[in-house]
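Scroll down for the structure; my scribbles are underneath it.
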Amino acid sequence: MSKEPRYSRRSRTPPGAPPGTLSVDPEARATRVHSFRFSPDGVEEKEGLLPVEEGQVLWLNVDGLGDHKMLSHIAATFGLHPLAMEDVVSVHQRPKAEEYEAHHFIVLRMPDRGAAQLATEQVAIFLGDGYVITFQEKPGDVFDPVRARLRNPVGQMRKRGADYLCYALIDALIDAYFPVVEQLGDQLETLEDDIVFQTGEVEMGQIHAHKRELMSVRSAVWPMRDVVATLQREEIQRFSDNTRLYLRDVQDHTVQLIETIQTYREIATGLVDLLLSSQANKSNEVMQVLTLIATIFIPLTFIVGVYGMNFDYMPELHWKWSYPIVMALMAIMALALTYWFHRKGWLWSKPRR
Amino acid sequence: MSKEPRYSRRSRTPPGAPPGTLSVDPEARATRVHSFRFSPDGVEEKEGLLPVEEGQVLWLNVDGLGDHKMLSHIAATFGLHPLAMEDVVSVHQRPKAEEYEAHHFIVLRMPDRGAAQLATEQVAIFLGDGYVITFQEKPGDVFDPVRARLRNPVGQMRKRGADYLCYALIDALIDAYFPVVEQLGDQLETLEDDIVFQTGEVEMGQIHAHKRELMSVRSAVWPMRDVVATLQREEIQRFSDNTRLYLRDVQDHTVQLIETIQTYREIATGLVDLLLSSQANKSNEVMQVLTLIATIFIPLTFIVGVYGMNFDYMPELHWKWSYPIVMALMAIMALALTYWFHRKGWLWSKPRR
Amino acid sequence: MSKEPRYSRRSRTPPGAPPGTLSVDPEARATRVHSFRFSPDGVEEKEGLLPVEEGQVLWLNVDGLGDHKMLSHIAATFGLHPLAMEDVVSVHQRPKAEEYEAHHFIVLRMPDRGAAQLATEQVAIFLGDGYVITFQEKPGDVFDPVRARLRNPVGQMRKRGADYLCYALIDALIDAYFPVVEQLGDQLETLEDDIVFQTGEVEMGQIHAHKRELMSVRSAVWPMRDVVATLQREEIQRFSDNTRLYLRDVQDHTVQLIETIQTYREIATGLVDLLLSSQANKSNEVMQVLTLIATIFIPLTFIVGVYGMNFDYMPELHWKWSYPIVMALMAIMALALTYWFHRKGWLWSKPRR
Amino acid sequence: MSKEPRYSRRSRTPPGAPPGTLSVDPEARATRVHSFRFSPDGVEEKEGLLPVEEGQVLWLNVDGLGDHKMLSHIAATFGLHPLAMEDVVSVHQRPKAEEYEAHHFIVLRMPDRGAAQLATEQVAIFLGDGYVITFQEKPGDVFDPVRARLRNPVGQMRKRGADYLCYALIDALIDAYFPVVEQLGDQLETLEDDIVFQTGEVEMGQIHAHKRELMSVRSAVWPMRDVVATLQREEIQRFSDNTRLYLRDVQDHTVQLIETIQTYREIATGLVDLLLSSQANKSNEVMQVLTLIATIFIPLTFIVGVYGMNFDYMPELHWKWSYPIVMALMAIMALALTYWFHRKGWLWSKPRR
Amino acid sequence: MSKEPRYSRRSRTPPGAPPGTLSVDPEARATRVHSFRFSPDGVEEKEGLLPVEEGQVLWLNVDGLGDHKMLSHIAATFGLHPLAMEDVVSVHQRPKAEEYEAHHFIVLRMPDRGAAQLATEQVAIFLGDGYVITFQEKPGDVFDPVRARLRNPVGQMRKRGADYLCYALIDALIDAYFPVVEQLGDQLETLEDDIVFQTGEVEMGQIHAHKRELMSVRSAVWPMRDVVATLQREEIQRFSDNTRLYLRDVQDHTVQLIETIQTYREIATGLVDLLLSSQANKSNEVMQVLTLIATIFIPLTFIVGVYGMNFDYMPELHWKWSYPIVMALMAIMALALTYWFHRKGWLWSKPRR
């Protein structure tokens with residue numbers, strides 16, 4: 001059904017290779033590096049690597065994880081820990097934040113806007129002294145607002161350090177989930193209206209698929225709350241007090257996302273009851289029609305059958321008024337039963353509110 | 001279905017603008033400022049801004065968040081933090097309490113009495129040295145009791161500080177949820193009675209809608225417990241020991257609200273079972289009628305069919321008493337079956353208690 | 001359905017009155033005060049107030065909360081805190097224990113034995129230096145065992161302090177829930193037997209009502225665990241080490257009550273499945289009867305219909321043995337089908353164990 | 001249904017008697033005391049009391065709680081706390097461990113092997129300096145392995161202290177639950193197989209009864225985890241470091257029991273769905289038979305009815321080949337419908353895997 | 001159904017034997033010992049025991065727990081604690097990590113790849129000074145990657161200590177669960193597709209069996225999270241800071257496994273609703289066919305019955321056009337009803353999306 005990659009799948013180290021081995025997935029895309037280096041004085045952009053420079057902040061944005069040589073080169077240049085690099089190329093990690101001596105290592109998942117179906121893509125962030133390195137699976141991401149702010153000559157962003165850049169990237173990533181969750185909420189409301197007002201045919205499979213999408217977003221967002229909390233709360237030297245204030249803001253948004261998802265899950269669970277009840281209603285309606293028709297006509301058919309019998313001695317067969325009297329009696333019976341069904345409320349299915 | 005604004009919707013900073021930017025929603029209402037300034041000696045009211053004065057407490061009540069200039073002016077005058085101001089104009093925040101250097105920042109949600117449907121409106125409160133500033137989306141709020149107490153010349157409220165004013169506002173806001181929750185409880189009992197005593201036709205959609213309203217109130221009230229707990233427990237200098245005693249009281253009320261909502265949710269979940277069972281009962285009843293009629297008349301129809309056959313050699317057709325005997329036998333059969341159904345309890349649907 | 005007062009209802013301070021105002025409910029009962037004053041030497045009882053005396057323990061038992069003057073007088077005499085007194089007259093409080101400077105304030109709920117339906121009544125207890133004051137809504141309570149022990153000249157109770165008296169009252173109150181919960185357990189077993197052994201007609205509404213009563217008891221008992229834990233654990237000077245040992249005993253009983261209620265709730269939830277399954281069984285049974293009759297007789301009716309046709313050329317109509325042969329064939333068909341149904345197990349509804 | 005004593009029932013102190021009163025249940029069994037006194041040098045057994053002796057460990061095993069004088073005598077001799085003694089004779093206590101000055105007091109529940117139905121019996125253990133006293137409701141217990149080890153001249157047990165004896169008793173008691181839980185697991189698998197492979201008729205009542213038994217075991221075992229954890233973790237002087245190592249082992253077993261019970265409860269919950277689905281399947285099957293027969297024969301009966309009409313002008317009645325043609329057409333119709341049902345998969349109920 | 005050994009079964013010490021007795025299961029397999037001894041200089045392998053040597057790391061891999069003498073010999077040689085050895089031969093332990101003075105003792109469960117059905121096998125690991133000893137029930141395990149790395153002359157593993165070897169074994173064991181869980185996920189998707197797209201017949205029993213397998217994996221994996229957390233977090237001297245970094249990585253994988261299992265369980269729960277709804281749909285479909293046919297033909301059969309009556313005075317019987325008119329009217333009735341059913345949407349079962 002949903003074809004998104006599952007977390008359980010691990011394209012990790014081949015058997016016999018020790019943990020910490022950088023084993024590039026042969027199907028991964030070609031690696032493309034884009035550098036930003038900025039200081040309050042200006043910003044320098046380049047396709048390819050720029051070196052770290054004193055008093056400047058470097059953002060290395062790496063797309064595609066297929067080039068083993070390039071990845072090894074970057075890892076060696078910046079002293080990225082082998083265990084972290086292994087997680088970078090193994091793209092089904094759970095979001096997490098880990099402190100290494102030389103750098104902080106953060107794994108997040110961003111919503112994949114390109115996909116037809118709801119999917120998430122892994123983003124690995126290294127925050128070191130004066131640099132931020134981000135690794136993504138494919139080109140196309142949610143960081144354009146950050147790029148725009150960096151390129152804006154009057155923006156305040158160039159005056160901040162690498163920790164603020166790191167915060168800005170996380171903030172942009174979390175913000176990108178809001179339209180996704182909103183869309184799920186809209187779908188939920190459509191399903192709800194279709195069931196309640198019978199404006200459309202809803203099947204359990206649709207509710208189930210919706211719940212799976214909610215689970216998928218939740219499993220991406222849920223651990224990010226801990227990630228942001230870890231970055232903010234711990235006495236981590238890499239984040240200034242001011243940036244920590246901004247991280248608190250990001251955490252608020254993450255909690256808000258999680259609560260919204262939780263609420264949607266509860267609503268979706270309610271839709272299951274709604275649909276089962278609607279099916280039971282429909283079943284009742286069908287049965288009422290059947291019962292109505294059968295209850296009226298089966299006895300009448302019996303009566304006409306009586307007078308279809310071929311006994312020699314059936315005096316009423318020869319009476320002149322038998323036929324109209326029998327017909328009239330049957331009409332009265334039918335009317336009486338119809339009235340009784342009307343009283344029981346079976347005759348007309350109630351209009352929905 | 002429910003058209004209230006969802007938390008997930010964020011009318012926040014446009015892409016490229018940094019966090020902390022005050023981006024006023026173009027559809028927001030015009031801003032209206034009302035000032036109260038009081039000391040034990042008296043109270044001064046004014047449409048518009050009054051300055052803070054030594055030994056006096058200022059309450060700035062701001063309605064409507066559409067006037068960028070005015071909001072910026074207030075923020076600059078009182079030194080309100082940009083991140084907090086951003087939350088003020090982004091009206092779908094989750095309740096929270098944040099400590100900044102210059103002031104405390106509290107976001108709450110109050111029930112919107114004007115709305116036809118259950119809705120909540122964001123209230124942002126700044127508590128600083130000698131002032132309280134409240135921002136609301138629209139005019140009309142739940143603070144009239146506080147205003148009445150301030151205007152009351154013999155009331156004790158003028159003798160208290162800004163922290164007590166802040167407490168009084170929170171207290172009034174929490175209290176405003178009690179009638180809302182009570183009304184939800186009344187609706188729940190009506191639904192319950194309608195199902196159990198069949199005094200009305202209840203559909204799953206109604207229970208579902210009720211559960212959604214409970215969720216909506218809960219998502220507004222639930223985080224306020226933490227907010228009040230934070231204000232009360234932490235060694236916060238802005239609240240005096242005495243006011244903290246009063247905050248403990250507010251927290252009791254919040255917990256009481258949450259437990260009531262929780263109980264209502266459990267009851268609503270029970271109503272789902274109740275309704276499904278009632279549908280199954282109805283289905284059984286319909287089926288019993290059908291079975292009753294069919295079981296009695298289908299065999300009889302067969303019998304009369306037998307004597308409707310046109311075989312040349314059917315001796316009983318020519319006997320004189322055949323007709324009355326067959327009719328009598330069929331009557332006995334019908335009565336026997338009816339008695340059997342009576343014994344099985346299918347004949348009469350039991351009256352409900 | 002259940003008409004007991006809900007927690008959400010707050011007959012509190014009228015709008016404009018500050019918190020801590022003693023606003024007596026005009027419908028409350030007349031106030032009646034009964035005093036016990038005891039020391040190891042003896043006990044003194046009086047309708048009305050007795051003063052505190054050095055070396056003696058005073059128990060003031062106040063029934064009915066309608067006399068504003070009397071309540072104010074007691075509050076002033078003993079220095080009871082206004083916030084606590086406000087909770088005394090607002091009789092829908094959640095159980096809680098609060099420490100004030102001059103006294104401890106404990107709110108509990110006792111089962112109301114007088115009521116036809118399960119209800120709880122608020123009891124407020126003040127424990128100060130040498131005195132215990134209890135406030136109840138109406139006369140009639142669960143404290144008679146305590147009174148009996150006080151009046152017993154050889155009882156040990158007179159030798160203990162106010163803290164032990166306070167413990168004894170709490171203990172008596174918790175103990176009063178045991179018969180209530182036991183009765184709920186008996187009702188549950190009756191429902192269970194009625195469904196399983198079909199000894200009675202059970203409807204979902206009864207299970208639902210039972211669950212509501214369990215919820216009602218739980219919401220009264222649940223917070224009392226915290227209350228007793230607070231009194232026992234905190235380094236509270238008012239309770240001696242020995243009394244604290246007794247409080248530990250009370251807490252055991254509270255936990256036992258809560259676990260029993262929790263178990264009953266799970267059983268009640270199981271009853272829902274039981275009843276739904278029993279309804280489905282009944283539905284199957286009805287349908288089996290219908291199918292049995294219809295499947296046997298509808299084909300037979302077709303056959304007799306065939307020989308009721310009026311075609312000129314139907315040779316078998318003129319054969320001598322046609323009629324008995326057709327009748328015999330139909331009998332064989334009916335028997336074969338009946339045997340088939342017997343094999344499928346539809347013929348006889350199984351007897352219940 | 002289940003007739004085991006419920007926890008809620010408290011045969012406690014009569015009204016007016018203070019807590020800590022030893023009120024023996026008049027229906028309790030006669031008291032029988034068995035003493036073990038051992039040291040590394042040997043073991044001494046006696047029906048009746050043996051005194052504590054320096055350098056020896058005494059185990060007093062008391063069966064039956066009906067002899068007030070004997071119980072009081074033991075309590076006085078060993079200085080057992082009145083509150084603890086009250087719990088000893090009140091046999092529906094929740095498992096717990098309490099520290100008193102003179103001794104540790106432990107209440108456990110052991111499975112009652114003698115009972116036809118699953119039941120638990122209270123065991124109260126006092127651990128003091130050089131002695132262990134156990135009180136049980138009736139003779140017959142799970143401590144025979146411990147007795148065997150004590151009587152074994154080459155066993156190591158005689159060399160250990162009272163704390164190790166206490167551990168050994170708890171260990172034997174917990175171990176006695178494993179066969180009980182295993183039997184519940186076997187019953188669960190039988191139920192499961194009976195539903196899935198239709199090897200037996202299962203009713204919801206059986207699953208419900210099974211869930212109740214699981215709940216009953218759980219409510220006995222669950223608090224014992226805390227009991228063992230308390231004994232092991234707290235800096236309790238009475239247990240040596242070595243015995244504490246053994247207690248850790250007991251706790252592992254308790255956790256294992258609880259997890260197994262929890263798993264069984266989940267499986268039992270799944271059985272509910274399984275049974276409901278199986279009922280729905282059966283209902284579908286019945287309905288398919290009915291629909292099959294009715295859909296084939298009702299139209300045919302109509303057709304033969306048409307040619308049973310007595311109109312004077314029905315030309316086809318006089319045609320020579322009408323009868324065989326009509327019969328052939330009806331046969332084709334019946335075959336076509338049967339084929340259609342075959343295609344829809346309604347014709348043959350699928351064989352179960 | 002599932003025939004894997006249950007945790008509850010304890011093949012432990014026979015009654016009367018003290019805890020800590022090494023009681024070998026008579027059905028256990030013959031014991032086979034394989035030794036690895038390595039240092040940065042090389043590796044030595046041997047079928048049988050190698051002694052510990054200064055500066056070298058020894059890995060003793062023991063298969064089969066049937067040889068009491070050999071097990072006792074190993075225990076004596078390395079000073080393994082009796083309580084731990086008892087757990088080694090009792091193969092239904094819950095995963096746990098325990099610290100003894102001479103060594104660490106870790107119990108884990110590895111997936112049993114050989115079994116037809118999902119099963120787990122116990123692995124006990126002792127980590128001491130310079131040695132790791134692993135005990136398994138049968139030959140065949142998940143440690144081949146570790147062996148390959150040890151045998152690899154240029155691998156880094158020989159340079160590490162016993163703690164790293166211990167980590168590598170745990171890592172290999174946890175990794176072995178990923179394909180197992182992935183397979184469960186694939187099965188779940190097949191079930192899901194079969195229900196939603198009706199590509200296969202799914203029965204509740206299959207979903208139930210799947211849930212049981214998930215429970216089985218969960219009960220093996222769940223406690224391993226605590227095990228790894230204990231090893232990593234506690235200030236345990238046996239693990240170097242570097243190895244602790246690697247253990248953090250293992251814990252990430254364990255958490256990932258648990259979350260995946262949890263998600264699968266939620267999906268499986270959703271499948272229950274899906275299947276019940278699909279059954280209800282099928283039931284509705286069957287009923288619609290029945291109602292359609294019965295509602296159309298039962299009234300028609302009544303009409304033809306009317307004209308099959310044998311009254312002498314039925315004028316329309318003698319009219320020339322009666323027969324075609326009645327036939328036409330009946331055709332119109334049938335068409336009208338068919339159209340009405342078409343409008344109600346009962347005529348054609350909707351194609352599934």
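Quick note on labels: first sequence line is chain A, next is B, and so on, each numbered from 1.
The contact between D273(C) and chain D is made by backbone and side chain atoms together, counting heavy-atom distances below 4.5 Å. Proximity to chain D is absent for every atom of Q262(C), based on heavy atoms less than 4.5 angstrom apart. For Y307(C), the part lying under 4.5 angstrom from a heavy atom of chain D is the side chain only. Neither the backbone nor the side chain of V306(D) comes within contact range of chain C; no heavy atoms are under 4.5 Å apart. Both the backbone and the side chain of M314(C) come within contact range of chain D, with heavy atoms under 4.5 Å apart. Contacts between V272(D) and chain C at a heavy-atom distance below 4.5 Å involve the side chain alone, from C-beta outward. Interface remark: L300(D) contributes backbone and side-chain atoms alike to the contact with chain C (heavy atom separation under 4.5 Å). Neither the backbone nor the side chain of W321(D) comes within contact range of chain C; no heavy atoms are under 4.5 Å apart. Contacts between Q279(C) and chain D at a heavy-atom distance below 4.5 Å are absent for every atom of the residue. Interface remark: I261(C) contributes no atoms to any contact with chain D (heavy atom separation under 4.5 Å).
Ranked by heavy-atom pairs shorter than 4.5 Å toward chain C, the options T269(D), V326(D), V289(D) are led by V289(D). Taking chain D as the reference chain and counting heavy-atom pairs below 4.5 Å, the highest number among Y177(C), Y313(C), F311(C), Y246(C) is found for F311(C). Counting heavy-atom pairs closer than 4.5 Å to chain C, the top residue among E98(D), R218(D), K320(D) is E98(D). Contact count against chain D (heavy-atom pairs under 4.5 Å) is highest for S277(C) among A280(C), G308(C), S277(C).
Under the 4.0 Å criterion applied to side-chain N and carboxylate O atoms, E45(C) and R147(C) are not assigned as salt-bridge partners. By the 4.0 Å N-to-carboxylate-O rule, D87(D) lies close enough to K96(D) to be salt-bridged with it.
Using modelled atom types, no side-chain atom of R94(D) and backbone atom of D252(C) make a donor-acceptor pair closer than 3.5 Å.
Across every non-hydrogen atom of Q206(C) and E201(C), the tightest pair is OE1-O, 3.7 Å.
In this structure, the side chains of E192(C) and V202(C) stay at 4.5 Å or more apart for every pair of heavy atoms. Between Y100(D) and L245(C), some side-chain heavy-atom pair lies under the 4.5 Å cut-off.
The ring pair (Phe, Tyr, Trp, His ring centres under 6.0 Å) analysis of residues 280-304 of chain D, with sequence neighbours excluded, yields the pairs F302(C)-F297(D), F302(D)-F297(E).
D163(C) and T243(C) are linked by a side-chain donor-acceptor pair at a separation below 3.5 angstrom, with hydrogens and angles left out of the test.
Checked against ring-ring contact (aromatic ring centres under 6.0 Å, His included), F126(D) has the following partners two or more places apart in sequence or in another chain: H103(D), F105(D), F135(D).
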